[in-house]
Student: 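For reference, the structure I am asking about is given below.
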Amino acid sequence: MSYQVHPSLFPHHDGSELYVSNAAPKIGQKVVLKVRVPHTYLFEKSFVRIYEDGEPRSYELVLAAKAATEDWYQVEVPIVNTHTVYRFVFVSRDKYDWLNAFGLTDHDVHTNNDFQIVAVPANPKWINSSVFYQIFPDRFAKSKNVYPTPDWAHPRDWNELPRGRSEFTGSELYGGDIPGVEEHLDHIHGLGVTGIYFTPFFPSRSNHRYDASSFTEVDPILGGNKALFSLVKKANKLGIRIMGDLTSNHCGAGHSWLAKAKKSKTAKERSYFYWDKSVKHGYVGWWGLASLPKLNFNSTALKNEMYKGKKSIVRTWISPQYGMSGWRIDVGNMTGRLGADDLHDDVMHGIRQAMDETNPDAWLVAENGDFVASDLNGLGWHGAMNYQGFMRPVWNWLNRNSEIGGGFQGLPFAMPQISGQQLINSMKQFNASVPWRSVTASMVLLDSHDTARFRTVVKGDVASHLSAMTMVLTYPGVPSIFAGDEIGLEGSWGEDGRRTINWEDRSQWDHNFMDNVRQLISIRKSNDALVNGGLRWIAAEKDFILYLRESKKQSILVFVSRKGVNAKIDLSALGLHVTKTLYGNTATGSKFSVKSKGATQAIWEVTR
């Protein structure tokens, strides 16, 4: 089927530099807000509706610049509060339309999706141009170092597949370590990534290490602190930052805190936990698990240990001496919450304050199960692992394996198959509820150590995988690639996807796909529109989408399809024409076609 693509033309604004003069102002400063309005959209007056001390105020927009196909309007507004929300209205004799972060509507709307500005210092600038690589320490690479086998472990040969869901799931030990990572930094650096996110490296009684028995040292069977410090030093020389993973929600049953608490009811550590005589082990475990004692942040002493104290866990590892560049917070949405207790915001803000004070250039990102908007209002986590606002919609659109994992992200039904319009609406729904700065500080990912591998989600279809990878590396946020995805590793659920990389025999690697990933990473880092640009949806069809990333310096158009297409694209109404093909299907001018037999992708530089 042939599609005629004529972009929908509506007023547009987002939180990027083209539209907001200062995304991190101080209270008392003024900010200029801009809106681009196509000539085909007619109105008589426009206003910004902004809240000052909780009361709405309106300021009229004025014409700032005229162009061939659109005009620019702007308004200067005062920043009165830490958190500023606003939306625009376009008025004519017989109608009015609201423009908020979700888009243009012809009816009244709630403030939940208003644009947001937060009067706090800007997020670390380096994350805008970063590409991260997630490593599960036990499965990436194994050095020649020999370590004692822990009593909980069931050793496996390096190139064996995980056994699957069984009593051994958390105890299969392959022996990957941090010196092994250092030995293969050439591979990581060669991909072009600029950051490594490690899942936990603390001592524990499992291969996943989310049951920490200490937060003060690196697991000796990973090489200990010496190995991590050596890696940090070498990685930093290559321009690669290292980020850790912290379980603020729980620790492990082997932690000395629990031992001291059980030994004496007067020990300060007793206050670190919730106690329950109705269960055999006597304390509350996360999801009832005895192996994961839930932490009780009613305890001042625990807060001091975790983040408040000068030598706290959060502060120590991001200090200059230790050299970490940030934290990923495990189950950040559940931290501080249990029954009637809701200390979540207190803990989240406390962690953020500790990081801002110790290393204001450190990145704080949370595993936020359902992308709770209030957690991402700019005052807590910088961003989240964008499972719900990116990964899930992409899976829903591109999947060829709806039964993957026996259910979808904790939902009791198989993956649906959605259209391109549904994909975009899903993404807009999540993006609209948080400040732009939180969108761009969130991890953009296709999979992780907790999910199926994307190659399995698309049943091995390389072209579909490449479409998804193109989106990861051109969408706002911080791209994060799970180690092994670049060579086509598979896996049907989280533990099954935690497969090792065969470094000795690379014949099964998907080298062509890896070359494409390397090229896409380079494009991501070297094009200003992908680093600093906003997001404008241009077209949404059932089987393909088209979106624009624009900064002050550059405009880039991205085309992604999930199957074969025959699309005729006309950009003349936008005043745009393709001047350079950066990746994929070649095109020139303002009118061109994209034809393919399977899923396809393109990245074009465009100008007016």
Side-chain angles (χ1 to χ4, degrees), residues 7 10-25 31-38 64-65 67-74 99 101 115-118 122-131 192 194 378 382-383 386 390 424 427-428 431-432 434-442 444 470-479 519-539 545-560 571 574-583 587 590 602-608:
F10 299 109
H12 180 77
H13 173 90
D14 60 44
S16 66
E17 62 180 20
L18 270 181
Y19 304 95
V20 179
S21 64
N22 184 356
V31 172
V32 175
L33 306 174
K34 295 182 179 182
V35 183
R36 66 195 319 156
V37 182
T69 60
E70 63 190 10
D71 295 332
W72 285 79
Y73 289 81
Q74 71 179 43
L99 176 64
F115 299 105
Q116 302 178 47
I117 293 176
V118 189
N123 292 341
K125 190 171 179 57
W126 59 268
I127 65 176
N128 292 349
S129 56
S130 293
V131 177
T194 58
H382 288 128
N386 201 348
F390 182 85
I424 289 174
M427 292 176 159
K428 286 167 62 178
N431 290 355
V434 299
W436 177 255
R437 64 189 286 162
S438 299
V439 173
T440 58
S442 291
V444 182
T470 299
M471 291 188 69
V472 165
L473 288 158
T474 57
Y475 193 79
V478 183
Q519 185 180 354
L520 286 167
I521 291 173
S522 176
I523 290 169
R524 171 68 181 217
K525 296 192 303 179
S526 59
N527 287 277
D528 189 74
L530 299 179
V531 173
N532 297 310
L535 174 65
R536 189 178 180 189
W537 298 106
I538 302 302
I545 58 173
L546 189 67
Y547 55 95
L548 193 61
R549 301 289 315 278
E550 291 186 285
S551 67
K552 290 181 177 179
K553 297 179 181 179
Q554 187 187 37
S555 297
I556 283 181
L557 188 65
V558 182
F559 179 96
V560 177
L571 302 175
L574 290 167
L576 296 172
H577 62 276
V578 175
T579 55
K580 184 177 182 181
T581 298
L582 300 177
Y583 181 79
S590 59
I603 305 172
W604 303 298
E605 188 168 9
V606 295
T607 59
R608 287 181 168 78

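Not measured: the values here are computed from a predicted model.
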Student: Applying salt bridge (charged side-chain N to carboxylate O under 4.0 Å, His left out), can you list everything that pairs with Arg524, at least two apart in sequence or on another chain?
Tutor: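 Listed in chain order: nothing, the list is empty.
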
Student: Would you confirm whether Glu17, through its side chain, and Lys552, through its main-chain N or O, come within 3.5 Å as a donor-acceptor pair?
Tutor: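 Side chain of Glu17 to backbone of Lys552: a pair is present.
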
Student: Could you grab the distance from atom OG1 of Thr470 to atom CG of Leu520, nearest 0.5 Å is fine?
Tutor: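 Rounded to the nearest 0.5 Å, the OG1-CG separation comes out at 4.5 Å.
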
Student: I'd like to know if Glu70 and Arg36 make a salt bridge, using a cut-off of under 4.0 Å between side-chain N and carboxylate O.
Tutor: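 Salt bridge between Glu70 and Arg36, a charged N being under 4.0 Å from a carboxylate O: yes.
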
Student: How long is the straight-line distance from CD1 of Ile523 back to CD1 of Ile603, given to the nearest 0.5 Å?
Tutor: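 The distance works out to 4.5 Å.
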
Student: Please give me the minimum heavy-atom distance between Ile127 and Ala441, naming the atom from each residue.
Tutor: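 Looking at all heavy atoms of both residues, the shortest contact is CD1-CB, 3.7 Å.
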
Student: Out of Leu576, Leu546, Val558, which residue meets the side chain to side chain contact (heavy atoms under 4.5 Å, CB included) rule with Ile538?
Tutor: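 Filter result, single survivor: Leu546.
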
Student: More than 12 foreign heavy atoms under 6.0 Å from NZ of Lys34: is that the case here?
Tutor: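 For Lys34, atom NZ is not crowded (no more than 12 foreign heavy atoms under 6.0 Å).
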
Student: If you round to the nearest 0.5 Å, how far is CZ of Arg608 from OG of Ser555?
Tutor: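 Going from the OG atom of Ser555 to the CZ atom of Arg608 covers 5.5 Å.
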
Student: Please name the pair of heavy atoms, one in Met471 and one in Tyr547, separated by the smallest distance, quoted to 0.1 Å.
Tutor: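 It is CA-OH, 3.6 Å.
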
Student: Are the side chains of Pro476 and Arg549 in touch, meaning some heavy atoms are under 4.5 Å apart?
Tutor: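 Answer yes - side chains close enough.
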
Student: I need the Leu582 CG to Glu605 CD distance, nearest 0.5 Å.
Tutor: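 Between atom CG of Leu582 and atom CD of Glu605 there are 6.0 Å.
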
Student: Using a 4.5 Å cut-off on heavy atoms from C-beta on, say whether the side chain of Thr194 contacts that of Ser129.
Tutor: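 Sidechains of Thr194 and Ser129: no contact.
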
Student: So Asn431 and Leu535, do their side chains get closer than 4.5 Å, heavy atoms only?
Tutor: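 Side chain of Leu535 against side chain of Asn431, heavy atoms only: contact under 4.5 Å found.
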
Student: Closest heavy-atom contact between Val118 and Pro435?
Tutor: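 The answer is CG2-CG, 3.8 Å.
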
Student: Using 0.5 Å steps for rounding, measure from the CH2 atom of Trp604 to the NE2 atom of His577.
Tutor: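 NE2 of His577 is found 14.5 Å from CH2 of Trp604.
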
Student: Do Trp537 and Phe10 have ring centroids that are under 6.0 Å from one another?
Tutor: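 For Phe10 and Trp537, the ring centres are not under 6.0 Å apart.
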
Student: If you compare all heavy atoms of Tyr475 against all heavy atoms of Val444, which two are closest, and at what distance to 0.1 Å?
Tutor: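 What the structure gives for the nearest pair is CD2-CG2, 4.3 Å.
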
Student: Please tell me if the side chains of His382 and Pro124 come closer than 4.5 Å, counting only heavy atoms from C-beta onward.
Tutor: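 His382 vs Pro124: side chains touch.
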
Student: What closest approach, in Å, do Val472 and Pro479 show between heavy atoms, and which atom pair accounts for it?
Tutor: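 So the minimum-distance heavy-atom pair works out to O-CG, 3.5 Å.
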
Student: Answer whether the closest heavy-atom distance between the side chains of Ile117 and Leu33 falls below 4.5 Å.
Tutor: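 Touching, per the 4.5 Å side-chain cut-off.
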
Student: Side-chain contact, heavy-atom cut-off 4.5 Å: Leu574 with Val606?
Tutor: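 The answer is no; the side chains never approach within 4.5 Å.
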
Student: Could you pull out all residues at least two apart from Asn527 that satisfy side chain to side chain donor-acceptor pair (under 3.5 Å)?
Tutor: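 Scan of Asn527 (side chain to side chain donor-acceptor pair (under 3.5 Å), adjacent residues dropped) gives Gln554.
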
Student: Once side chain to side chain donor-acceptor pair (under 3.5 Å) is applied, do any residues pair with Ser130, and if so which ones, sequence neighbours excluded?
Tutor: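 Side chain to side chain donor-acceptor pair (under 3.5 Å) check on Ser130 returns nothing, list empty.
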
Student: Rounded to the nearest 0.5 Å, how far does OG1 of Thr581 lie from CG of Leu557?
Tutor: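 If we round to the nearest 0.5 Å, Leu557:CG and Thr581:OG1 are 10.5 Å apart.
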
Student: Val35 and Pro11: which non-hydrogen atoms are nearest, and at how many Å?
Tutor: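 Result for this residue pair: CG1-CB, 4.1 Å.
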
